[in-house]
Novice: 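Please find one structure pasted underneath; my questions will follow.
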Amino acid sequence: SSGTMVAGGIVPTITAGYSGFVAGDTTPASLPVCSTTATSASPAGTYSSSCTGANDPNYTISYVDGIVTVTAAPLPPPPPPKLADWIARN
């Protein structure tokens, strides 16, 4: 799956999506493990996400990688004018 996060924030949970199952099947017999290269320390940018390890004797499993987009953290508000003047003088 894909996701979005703010730099310094919580990494989104990566989950698998499925298609092509028949006869009431909804997931493979053994589920995949999914991960992303993004971390809470990642700067703004795009990072890959992927899943691997699913298995089912009745199906051929293939994967499509996703993207996690990390956006920049918002800037803090400026200090009040009087505090800004004091800081500039000191």
Side-chain angles (χ1 to χ4, degrees):
S1 70
S2 296
T4 301
M5 63 177 280
V6 175
I10 297 170
V11 177
T13 300
I14 304 302
T15 58
Y18 306 104
S19 64
F21 289 104
V22 297
D25 293 340
T26 57
T27 61
S30 63
L31 298 177
V33 174
C34 301
S35 63
T36 178
T37 57
T39 70
S40 60
S42 295
T46 56
Y47 299 84
S48 64
S49 63
S50 61
C51 298
T52 187
N55 193 7
D56 194 298
N58 298 315
Y59 299 97
T60 298
I61 308 292
S62 61
Y63 301 94
V64 176
D65 290 345
I67 298 272
V68 172
T69 301
V70 178
T71 59
L75 295 174
K82 289 183 180 181
L83 180 57
D85 292 341
W86 183 85
I87 291 171
R89 290 189 304 265
N90 295 298

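Counting from 1, the numbers follow the sequence of the chain as shown. Computation of the quantities below employed the complete heavy-atom set of this structure, encompassing side-chain atoms and omitting hydrogens, waters and symmetry-equivalent molecules.
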Novice: Provide the closest heavy-atom pair for Thr46 versus Ile67 in the form atom of the first, atom of the second, distance.
Specialist: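 Residues Thr46 and Ile67, closest heavy atoms: CB-CG2, 3.8 Å.
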Novice: Per the side chain to side chain contact (heavy atoms under 4.5 Å, CB included) rule, which among Pro12, Ser50, Ser49, Ser48 passes with Thr36?
Specialist: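 Exactly one candidate clears the test, Ser49.
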Novice: Quick one, Thr71 and Thr4 - any side-chain contact, counting heavy atoms below 4.5 Å?
Specialist: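 Yes, side chains in contact.
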Novice: Which pair of heavy atoms, one from Gly66 and one from Ser2, lies closest together, and at what distance?
Specialist: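 So the two residues come closest at CA-OG, 3.5 Å.
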Novice: Work out which heavy atom in Thr27 is nearest to a heavy atom in Phe21; give both atom names and the distance.
Specialist: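 That would be C-CZ, 3.7 Å.
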Novice: Using atom types as modelled and distance alone, determine if a side-chain donor or acceptor of Tyr59 lies under 3.5 Å from a backbone N or O of Ala29.
Specialist: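 No.
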Novice: Which heavy atom of Ala38 sits nearest a heavy atom of Met5, and at what distance?
Specialist: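 Looking at all heavy atoms of both residues, the closest pair is CB-SD, 4.3 Å.
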Novice: Which atom names give the shortest non-hydrogen contact between Ser40 and Gly9, and what distance separates them?
Specialist: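 For Ser40 and Gly9, the tightest heavy-atom pair comes out as CB-O, 3.2 Å.
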Novice: Measuring from atom OH of Tyr18 to atom OG1 of Thr26, what distance do you get when rounded to the nearest 0.5 angstrom?
Specialist: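 Between atom OH of Tyr18 and atom OG1 of Thr26 there are 9.0 Å.
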Novice: Roughly how far, to the nearest 0.5 Å, is the CG atom of Asp65 from the OG atom of Ser1?
Specialist: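 The OG atom of Ser1 sits 11.0 Å away from the CG atom of Asp65.
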Novice: Tell me the closest heavy-atom pair linking Ile14 and Cys51, and the distance in Å.
Specialist: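 For Ile14 and Cys51, the tightest heavy-atom pair comes out as CG2-SG, 4.5 Å.
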Novice: Does Tyr63 share a hydrophobic cluster with Leu31, counting links as ILVMFWY side-chain heavy atoms below 4.5 Å and allowing steps through other members?
Specialist: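 Hydrophobic grouping puts Tyr63 with Leu31.
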